[in-house]
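Inspection log for the structure reproduced underneath, given as structure tokens.
Letters A, B, ... mirror the listed sequences (proteins, then strands); counts begin at 1.
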Amino acid sequence: GAGVSQSPRYKVAKRGQDVALRCDPISGHVSLFWYQQALGQGPEFLTYFQNEAQLDKSGLPSDRFFAERPEGSVSTLKIQRTQQEDSAVYLCASSHVAASDTQYFGPGTRLTVL
Amino acid sequence: AQRVTQPEKLLSVFKGAPVELKCNYSYSGSPELFWYVQYSRQRLQLLLRHISRESIKGFTADLNKGETSFHLKKPFAQEEDSAMYYCALTSFQGAQKLVFGQGTRLTINP
């Protein structure tokens, strides 16, 4: 079946621009996670949704980062006034329910801020 | 604080040789431990998790709570094992967010 999809796969932004990254989770998956992976590092947690509720946003690095999942399915990660340090791969993962289920990852969006 | 340490960024072994990728963790409680793998041009995927005690593609990992380690092992490496490997942990409670190590790039030489 279809896995987690993300779009765009690559995004180049000029410093100061706003960007929006989309995640389509596996159908029926309740939980959705966003991670940020800088070059040469492991993924780092950004935020977590259970259905449409954002239950944990402790990993968002600044108030320029905003995520939403209004209907409990597709999620968008928005970064305002992008900075060079925002350059990274942004990974989305979904799981059936939060507790103990495997997280399935999307291919990621590679964001480059010039 | 939760932390996962993978001391080797790069590991190179010959085909047929044993492989061990090291992972140490710090966590106040009883975490669940995972190994994720990313093959070239593919997405991150689960290799194994300690709670299931499975052997996947010949890999095993034993949780050693005394040494807070979860090393990944395979007795005979194969060329298709070349990939990026990430150790990760999560809590059994709450948001189940994964905490990853920096990863080890494993290269199997023919």
If we ignore angles and hydrogens, is there a donor and acceptor under 3.5 Å between the side chains of B:Asn109 and B:Ser12? yes
B:Phe76 and B:Phe14: aromatic ring centres closer than 6.0 Å? no
Measure distances from B:Leu98 to the heavy atoms of chain A and classify the residue's part below 4.5 Å as side chain, backbone, both or neither. both
Any donor-acceptor N or O pair under 3.5 Å, side chains A:Thr47, A:Gln54: yes
Decide salt bridge (Lys or Arg N to Asp or Glu O under 4.0 Å) for A:Glu52 and A:Arg69; before the verdict, give the C-alpha distance in whole Å, the side-chain angles of both, and the deciding distance to 0.1 Å. CA-CA 5 Å; A:Glu52 69 279 1; A:Arg69 193 186 185 198; over 6 Å; no
Selection from A:Pro43, A:Ala93, A:Pro107 maximising heavy-atom pairs under 4.5 Å formed with chain B: A:Pro43
Flag the pair A:Tyr35 / A:Phe105 as yes when their ring centroid distance falls below 6.0 Å, and as no otherwise. yes
Checked A:Gly108, A:Gly106, A:Gly59, A:Gly40 vs chain B; the most non-hydrogen pairs under 4.5 Å come from A:Gly106
Part of A:Gln37 within contact of chain B (heavy atom distance under 4.5 Å): side chain
Which bit of B:Tyr36 comes within less than 4.5 Å of chain A, counting heavy atoms only: side chain, backbone, both or neither? side chain
